[in-house]
Protein chains: 2
Amino acid sequence: MPIVKKTYKDQVVDYVYQLLLTNELGPGDQLKESLLAEQMGISRAPIREAMKELIMNGLVDYRPQVGNFIPVLSPKQIVDSYTTRGVLEGYAVMETCDQFSAEEVDKLENLTEQMENYAHKKNHKMVIEAGGEFHDLLISKNNNVQLLEYTDRLSLKLHILFFKYLGKLYGPSEVGRRHREIVESVKSKDLGLIEKVIRQHYVETGSKIAIL
Amino acid sequence: MPIVKKTYKDQVVDYVYQLLLTNELGPGDQLKESLLAEQMGISRAPIREAMKELIMNGLVDYRPQVGNFIPVLSPKQIVDSYTTRGVLEGYAVMETCDQFSAEEVDKLENLTEQMENYAHKKNHKMVIEAGGEFHDLLISKNNNVQLLEYTDRLSLKLHILFFKYLGKLYGPSEVGRRHREIVESVKSKDLGLIEKVIRQHYVETGSKIAIL
DNA sequence: CAGATGTCTAATGTCGACATTAGACATCAA
DNA sequence: TTGATGTCTAATGTCGACATTAGACATCTG
């Protein structure tokens, strides 16, 4: 087991993730350096380092001379973020659709079934986990570092900010139909169709979250 | 005249941009905090702040406990970066292609001619400037904040890192043909064509730079 | 000789204190 | 009333010093 020795900065980042995931922090809240430093028993320096990373990943809005805030995203901004995610993933998958083995396609279909089953049991957390694995596998063939950097950042941001809604968006039949549609498009190797289906998937996910 | 009072951090960022644009800094060089602090007569704190911003924009690679370095991009990474830029811009323009007025299309054609003329005179700097205006106008109709954030970052990164090559890539006839092709695709309102042409434009630009 | 280990150094990581400033509030004049 | 101005405070911006560590080099060991 790899003992990873984390720097204070990384601990702060994780701490803020936890605060967000447990709803102890919500949109509009300010992250005061002194307060965080006091809570964690460290100085402000590593807090500031952590803020920069959170800003980079879109999980914190920075206002010069004022402070760092959890972003308040408008419905349009939510849809925009998901749309952008879809554009990037759509391209990534389209470009590599002929690299998927039969086993990998099976795996995708398997994960789709898992999502359906978990959705039936209302096990939202596992729905999200299987969904994450599904999209990770989909995009895994692409090795465009720049593109992956952006999709990763965006995934993290959307995951952390909207985790609480993600599992409940779709019923079992819909989550199944949606992901089967993606798998079918990949199997078809119809480049235009792949991009269209994946983009649509994200736009609709974003739209659903935006109206909550 | 607006006197903008810049924070030290911003001055550091600008300073590093200058070092990069004037080739005083090149791929692989390390940005030592103490040295920069000494050169600018300030402490390391604002230097560190500036590093975070440069990292965010992809202009600096960060290695924990080691330091900050000007990135060394492989040919593939260069092409990847330009490709990603093309994917984002292609989508942005495609989505808004029916919002361009006749005057704006004229402006695009006008800028294309300017690029040709400047290229004839080997005025590389002005070719780049007109090119920047061309792409800014193209993308200006889109208001997807998330997408614009990424395209802006990527534009800045590619501009700063490859400024020295940009103007010399294409001869006058080629730069004209390429950009006219983009304008024509926008006028056609053929969504698939627009994305294809814009992506292709960036992929080829990246490929040319990659082999230098 | 090759690999493991020890040591050193220069760089980043962290600290606590002070400087500066955005925003809130009170005050005043038209 | 209302807009301009003064003042205050709590937050970020910056500082210089110390702690820690990655990487280079020397040393030991088989």
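Just the heavy atoms: all of them, side chains too, but no hydrogens, waters or symmetry mates, feed the values below. Every chain is numbered from 1, with letters handed out A, B, ... down the list of sequences.
The separation between N68(B) atom CG and dA10(C) atom C1' is 15 Å, rounded to whole Å. Distance CD (Q30(B)) to C1' (dA24(D)): 14 Å, rounded to an integer number of Å. In this structure, CG of L31(B) is placed 19 Å from P of dA10(C), rounded to the nearest angstrom. In this structure, CD1 of I42(A) is placed 18 Å from P of dA19(D), rounded to the nearest angstrom. Taking atom CD of E33(B) as the reference point, atom C1' of dA11(C) lies 8 Å away to the nearest angstrom. The nearest whole Å value for the distance from the CD1 atom in I47(A) to the P atom in dG13(C) is 15 Å. Taking atom NZ of K32(B) as the reference point, atom P of dA10(C) lies 10 Å away to the nearest angstrom. Rounding to whole angstrom units, OH of residue Y62(A) and C1' of dT12(D) are separated by 8 Å.
When only modelled atom types and interatomic distance are considered, Q39(A) and K32(A) share no side-chain donor-acceptor pair under 3.5 Å.
The phosphate of dA10(C) has neither OP1 nor OP2 within less than 4.0 Å of any side-chain N or O from S34(B). Look at R48(B) and you won't find any side-chain N or O under 4.0 angstrom from OP1 or OP2 of dT12(C).
When both pairing distances are held under 3.5 Å, dC18(D) makes a Watson-Crick or G-U pair with dG13(C). Across all strands shown, dC8(D) pairs with dG23(C); the Watson-Crick or G-U wobble distances both stay below 3.5 Å.
With hydrogens and angles ignored, the 3.5 Å screen pairs a side-chain donor or acceptor of Q77(B) with a backbone N or O of S74(B). In this structure, the side chain of N57(B) does not engage the main chain of L54(B) through any donor-acceptor pair within 3.5 Å.
Sequence order on DNA chain C of the closest nucleotides to P46(A) and R63(A) puts P46(A) first from the 5' end. Nearest-nucleotide positions on DNA chain C place Y8(A) closer to the 5' end than the other of Y8(A) and V66(A).
Aromatic rings of Y202(B) and H135(B) (six-membered ring for Trp) have centroids within the 6.0 Å cut-off, being under it.
Within the nucleic acid shown, R44(A) comes within 4.0 Å of at least one base atom, counting heavy atoms only. Within 4.0 Å of E49(A), counting heavy atoms only, lies no atom of the nucleic acid at all.
Between Y118(A) and I128(A) there is no side-chain heavy-atom pair separated by less than 4.5 Å.
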